[in-house]
Amino acid sequence: AQAPVNVTVTGAAGQIGYALLFRVASGQLLGPDTPVKLRLLEIPQAVKAAEGTAMELDDCAFPLLKGIDITDDANKAFDGTNIALLVGARPRGKGMERGDLLQANGGIFKPQGEAINAGAADDIRVLVVGNPANTNALIAQQHAPDVPADRFTAMTRLDHNRAIAQVAAKLQVPVTDIKKITIWGNHSATQYPDLFHAEVDGKIAAEQVDGEWLRETFIPTVAKRGAAIIEARGASSAASAASAAVDHVYTWVNGTPEGDWTSAAVVSDGSYGVPEGLISSFPVTSRGGRYEIVQGLEIDEFSRARIDASVAELAEERDTVRQLGLI
Ligand code: NAX
């Protein structure tokens with residue numbers, strides 16, 4: 001039988017954690033043949049709540065779940081881990097400036113990066129979900145110099161899935177007809193969901209919808225969907241975020257289907273004019289367990305301006321965390 005894969009989830013007692021852990025333990029993260037061991041990392045005040053979630057995980061009697069460890073010590077949580085889902089983060093409080101937010105999250109993602117560097121397994125893969133996800137991922141990555149940079153990613157798969165759902169609803173087609181959606185840039189309101197390379201049943205998506213809908217409805221709806229969920233639900237996206245995290249890792253490990261790609265924030269190699277080293281969302285394929293940026297797409301002026309605006313925001317965030325001495 002296959003040895004269990006160690007999966008660490010931070011912020012395990014939070015609402016995404018609650019939606020995510022059961023999917024991981026049931027085998028949806030890595031597939032039905034791969035046993036998993038869970039490591040839950042929480043802050044001391046939330047360890048008890050994480051223990052409660054672990055009791056419920058036990059009560060599911062999942063055949064693939066081979067153990068659960070709960071800790072408030074990052075070094076223990078990442079020791080020997082294969083997959084790290086960094087969900088726990090410091091939310092933006094009232095009156096908090098962006099610099100304060102980045103500072104507070106630096107206090108979380110710097111030590112977690114160091115702990116990953118010190119103890120994680122050689123095949124470690126990291127997905128950062130906690131916001132500001134791209135820059136949190138950058139902070140962790142910069143403190144893990146012994147880990148190949150391409151093992152650090154941030155999540156834009158939820159934005160990607162939201163874009164698919166919007167196009168499918170608009171054109172009244174199944175979601176499976178929609179391929180090659182791209183989210184570019186930052187997981188923030190500046191993100192650019194691109195329909196100019198996307199295909200609907202083999203035809204370019206941007207040509208199947210009117211330009212006004214694309215500009216005035218589609219782009220803002222995808223970019224502001226998180227706020228719309230909060231408005232409706234009274235709480236931020238949780239199950240959909242957990243689902244996207246499962247998709248991100250599943251695709252990373254198992255590959256993208258022929259004729260399609262997905263979106264993930266990965267360390268830029270300078271492709272598409274995105275400064276090297278920024279963790280920015282791109283169209284990516286996965287082959288042999290590695291995400292690779294899709295090359296050679298033509299970017300028109302409309303897309304160029306939007307990609308540049310989101311990437312400029314990422315560069316500013318990087319400059320701020322540099323000034324704060326966090327990287
Ligand atoms: P919750 O506030 O419900 O849970 C966060 C949990 O993290 C809490 O239990 C808290 O105790 C824990 N935590 C805080 N600091 C920690 C640390 N240093 N180590 C371990 N655990 C720590 O938030 P939830 O709704 O679960 O959202 C989690 C994060 O995901 C937030 O930052 C949120 O903004 C972000 N999101 C990212 C999305 C994306 O697409 N990338 C979408 C959904 C979500 O908004």
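Note that ligands are numbered from 1 as they come in the structure, with each ligand's atoms numbered from 1 the same way. Below, each value reflects all heavy atoms present in this structure, side chains not excepted, and no hydrogens, waters or symmetry copies. Quick caveat: nothing in here was measured; it's all calculated off a predicted structure.
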D150 bridged to R290 by N-O distance under 4.0 Å: yes
Salt bridge check: are D159 and R162 linked by an N-O gap of less than 4.0 Å? yes
State, with a plain yes or no, whether a side-chain heavy atom of Y291 is found less than 4.5 Å away from one of T262. yes
Return the CG to OG distance between N161 and S263, rounded to the nearest 0.5 Å. 9.0 Å
What closest approach, in Å, do P4 and K37 show between heavy atoms, and which atom pair accounts for it? CB-CG, 4.0 Å
For a quick test of reading the model, state the closest non-hydrogen atom pair linking I183 to A163 and the distance between them. CD1-CB, 4.4 Å
Counting only non-hydrogen atoms and a 4.0 Å cut-off, the residues near ligand 1 are G11, A13, G14, Q15, I16, L41, E42, I43, A46, V87, G88, A89, I108, Q112, V129, G130, N131, M155, L158, H187, S236, S237, A241
